Protein chains: 2
Amino acid sequence: MAEIRSFPHPLPDPLVELIAGRFRVLGEPMRIKLLDCLRDGEASVGELQDAIGASQQNVSKHLGVLLSAGMVSRTKRGTSAVYVIADESVFELCEQVCGGLRRQLSELDQILQGAASQ
Amino acid sequence: MAEIRSFPHPLPDPLVELIAGRFRVLGEPMRIKLLDCLRDGEASVGELQDAIGASQQNVSKHLGVLLSAGMVSRTKRGTSAVYVIADESVFELCEQVCGGLRRQLSELDQILQGAASQ
DNA sequence: ACAACGTACAACTGTACCGTTGTGCTAGTG
DNA sequence: CACTAGCACAACGGTACAGTTGTACGTTGT
């Protein structure tokens, strides 16, 4: 679990901007859904469109954002564009977020149970 | 390195919303800066204000967002409000993001070097 | 009790971005 | 060679949110 320490402190502004920008890319439900769908493997725009139930233009747009962020990669195949996860680490990020959510919920549970037992 | 533990697939909409919301909280440079400052330990609003160089109201506002997200906790001490990191896992998130950035940059480096050597 | 300090809340403006609509482009098909 | 399918780009309206300004509340000190 490589403890990456030794980041400059305070973080230089450009780096802060990069970090925030990357988080912002993941801050849209539809993009999370797209990445989640691509967990199964590559998929075309149309397939993702059907799986998620959004307009083709919107799906294509968000895929473009993910592509610009380097999180997916595109391959043209015939008339369709096939997207694949390019950075598997995004799943670990989601995992950690889910872990945080779990922790929060369990704390809430304890508080509620504590209040109920009074 | 914790393997991905069987998350439902596709992710239910409410969970997607929660995940995206959490990422969105981290998608603002100033909030990243605040968390970075709090890496050293607790700090009051005024101290954070001086460290970052933003208005008191703005700092207080963003701290409120972090508080609502459960990433920091507040303790009133005298006239000042002292904030502390409540969820240390946010740093691991930032580390992973930095790791992704590094990977991207090194890939870019290789591409550029490959192009230059032709 | 009153003044000063530290903080949080409310209203406002500007801006960034989401989703839609319309359209152009490229690769297969009859 | 039209014609269609699949995808991306551009423009537009709506909305969410960042940052500012003004202000109210609670605490400390005189």
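All of these numbers come straight from a predicted model, not from anything done at the bench. Just so it is clear: chains get the letters A, B, ... in the order the sequence lines come, proteins before strands, and each one is counted from 1.
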Practice item. Starting at the 5' end of nucleotides 3-10 of chain C, put B wherever the base has a protein heavy atom under 4.0 Å, S where only the sugar-phosphate does, and a dash everywhere else. Key: ---SBBB-

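For Arg77(B) and dT27(D), the shortest distance from a side-chain N or O to OP1 or OP2 is not below 4.0 Å. Proximity of His62(B) to the phosphate of dG19(D): a side-chain N or O atom is located under 4.0 Å from OP1 or OP2. Ser55(B) has no side-chain polar atom (N or O) that falls below the 4.0 Å cut-off from OP1 or OP2 of dG19(D).
Between the CG atom of Leu48(A) and the P atom of dG6(D) there is a distance of 14 Å, rounded to whole Å. As a whole-Å value, the separation of Leu26(B) CG from dC17(D) C1' is 16 Å. Atom pair Asn58(A):CG and dT20(C):P shows a separation of 6 Å (rounding to whole Å applied). As rounded to whole Å, 15 Å separates atom C1' of dC18(C) from atom CD1 of Ile52(A). What separates CG of Leu66(A) from P of dA8(D) is a distance of 12 Å, to the nearest Å. When rounded to the nearest whole Å, the span between CD of Glu28(B) and P of dT15(C) equals 16 Å. Between the CZ atom of Arg24(B) and the P atom of dT15(D) there is a distance of 15 Å, rounded to whole Å.
The side chain to side chain contact (heavy atoms under 4.5 Å, CB included) check on Ala51(B) picks up Cys37(B), with sequence neighbours excluded. Applying the side chain to side chain contact (heavy atoms under 4.5 Å, CB included) test to Thr79(B) and every residue at least two apart in sequence or in another chain returns nothing. Legend: residues meeting salt bridge (Lys or Arg N to Asp or Glu O under 4.0 Å) with Glu107(A), ordered by chain and number and at least two apart, are absent.
For residues 50-65 of chain A, the pairs satisfying side chain to side chain donor-acceptor pair (under 3.5 Å) are Arg31(A)-His62(A), Asn58(A)-His62(A), with sequence neighbours left out. Applying the side chain to side chain donor-acceptor pair (under 3.5 Å) test to residues at least two apart or on different chains, the pairs with a partner in residues 9-22 of chain A are His9(A)-Asp36(B), His9(A)-Arg39(B), His9(A)-Asp40(B), Asp13(A)-Lys33(B), Arg22(A)-Asp87(A), Arg22(A)-Gln104(B).
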Exercise for review: Report the C-alpha separation of Glu88(B) and Arg103(A) in whole Å, then their side-chain angles, then the decisive distance to 0.1 Å, and conclude whether the salt bridge (Lys or Arg N to Asp or Glu O under 4.0 Å) test is met.
Suggested key: CA-CA 11 Å; Glu88(B) 296 280 349; Arg103(A) 221 166 324 168; over 6 Å; no

